[in-house]
Undergrad: 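I'd like to ask you about the structure that follows.
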Amino acid sequence: MDDRLRRWRLVLGGAAEESLGGLSGAESAMDAALAALYDGVGQGGQRSRSAGLGASAPQVARWLGDIREYFPSTVVQIMQSDAIDRLNLTSLLLEPEMLSAVEPDVHLVGTLLSLGQVMPDKTKDIARQVVRQVVDELERRIANKTKAAVAGALNRATRVNRPRHADIDWRRTIHANLKHYQPDYRTIVPERLVGYGRRTTAVQRDVILCVDQSGSMAASVVYSGVFAAVLASMRSLRTSLVVFDTAVVDLTDQLHDPVEVLFGTQLGGGTDINRAIAYCQELVTRPRDSIFVLISDLYEGGIRAEMLRRVAALVESGVQVVVLLALSDEGAPAYDHDNAAALAALGVPAFACTPDAFPDLMAAAIERRDLRAFAAQLSS
């Protein structure tokens, strides 16, 4: 069997064996691992073939070991996520033996956080190790880019008119002095210099992250917690993290440890965006120097009209308001289109953002750029 036929045989499963032929060796083991997860469902809700994972933790642990042997880590993560969803294996994650066998990723962390209230003590230590591994990897991925983007934006946002030579912003200086172009000398004689502000250790911006912790926002909660910890490590920012469902919890005092932040969340439950914004309004002391980031799918269980009035009041006071429908790599999210349209009418576009784009978004917010253009660029 040539390579192309073998690939089709693995895709189509045992039903194609008669026409495409059988498999042997490692390919047969790969086929068995795929069949255990992706077998179809026959009449009466019964699985159409005998393969399956059942509800046995040892059997699942062996299957996890098999897929890690035969597939790359990116595929393993997808298969794990599918197994949890398709085969209802969530309860098995409460077993230490199984939890030790999984490939850690953001989606697994979201599942573990949702189980936090029912997780037995013997499993919690292993769960924390899994979460710590994912958090450390995310910090390595995002920390340097986030700090560089934010620091650069803060420097550009602080302009001076008598800069040192090394601090001159030549692009803005030339733009400000185009009317002083000297055709005889084919040059510009600048009457006003525009420069970057000098670095300072003073707090230049207040950042408030307000994160919806309803079950559909699991990946966004994980990324938000890590980004909040990174931002909080920058002395030029005063960062607050607020999570909410129908209740509001301020996790700002735990930002020194993003793992503690994540275990301080409680995924699931309803949503009261209005109540969360009301709490965050009390945190705003310098509106013109404040950035309020609401991360939510906008399905409001509270008072919608009051929620919109609060957003309008924040905008009117000078706060830079950012609304993210998701902060994740999961693609286009489900969200309340009516509320998104109402926010857009207030001048606040609502859009999804990937973790890789979030540092640039924060830079744009700090410089008070048009976020509608930023959102359009993301969607293009």
Side-chain angles (χ1 to χ4, degrees), residues 1 3-115 118-119 123 126-127 129-131 133-134 137 215-219 222 267-268 328-334:
M1 186 187 300
D3 185 62
R4 183 172 62 88
L5 290 178
R6 279 195 296 269
R7 288 177 178 273
W8 274 111
R9 168 61 180 78
L10 287 169
V11 169
L12 298 175
E17 186 167 337
E18 183 176 346
S19 57
L20 296 179
L23 300 169
S24 61
E27 290 168 346
S28 178
M30 292 173 67
D31 183 56
L34 291 167
L37 175 57
Y38 296 114
D39 256 350
V41 177
Q43 293 181 351
Q46 299 298 316
R47 301 185 68 80
S48 59
R49 289 187 284 177
S50 59
L53 297 179
S56 165
Q59 186 173 350
V60 173
R62 285 194 298 272
W63 178 80
L64 288 168
D66 287 343
I67 65 174
R68 291 171 76 167
E69 179 178 354
Y70 296 118
F71 300 97
S73 60
T74 52
V75 176
V76 169
Q77 292 171 7
I78 293 171
M79 293 180 72
Q80 284 181 173
S81 178
D82 287 348
I84 291 170
D85 292 339
R86 292 166 63 95
L87 305 178
N88 194 26
L89 301 182
T90 302
S91 60
L92 291 182
L93 289 178
L94 302 178
E95 298 293 333
E97 295 79 8
M98 186 198 171
L99 192 53
S100 299
V102 295
E103 182 84 13
D105 70 347
V106 169
H107 303 289
L108 177 63
V109 169
T111 302
L112 292 177
L113 296 180
S114 68
L115 296 172
V118 297
M119 189 176 293
T123 307
I126 298 177
Q129 293 172 23
V130 171
V131 174
Q133 185 175 342
V134 174
E137 178 59 33
S216 60
M217 301 293 294
V222 176
L267 290 172
S328 72
D329 289 314
E330 295 182 328

Undergrad: Would you say H107 and Q77 make side-chain contact, with heavy atoms under 4.5 Å?
TA: no
Undergrad: Considering non-hydrogen atoms only, spot the tightest contact between A83 and L37 and give its length.
TA: CA-CD1, 3.4 Å
Undergrad: Measuring from T74:OG1 to M79:CE, what's the distance to the nearest 0.5 Å?
TA: 11.5 Å
Undergrad: Can you give me the closest heavy-atom contact between V76 and I67, atom names plus distance?
TA: CG2-O, 3.3 Å
Undergrad: Of all heavy-atom pairs between L112 and L99, which one has the smallest distance, and what is that distance?
TA: CD2-CD1, 3.7 Å
Undergrad: As an exercise, state the distance from CG of D105 to CD of E137, rounded to the nearest 0.5 Å.
TA: 11.5 Å
Undergrad: Identify the two heavy atoms, one from F71 and one from A33, that lie closest to each other, and give their separation to 0.1 Å.
TA: CE1-CB, 4.4 Å
Undergrad: With a 3.5 Å distance limit and no angle check, can you tell me whether S81 reaches the backbone of I78 through a side-chain donor-acceptor pair?
TA: no
Undergrad: Quick check against the 3.5 Å criterion: does Q80 have a side-chain atom that pairs as donor or acceptor with the backbone of V102?
TA: no
Undergrad: How close do V222 and G110 get, counting heavy atoms only, and between which atoms?
TA: CG2-N, 4.2 Å
Undergrad: Restricting to non-hydrogen atoms, name the atom on A127 and the atom on M119 that form the minimum distance, rounded to 0.1 Å.
TA: CB-SD, 3.5 Å
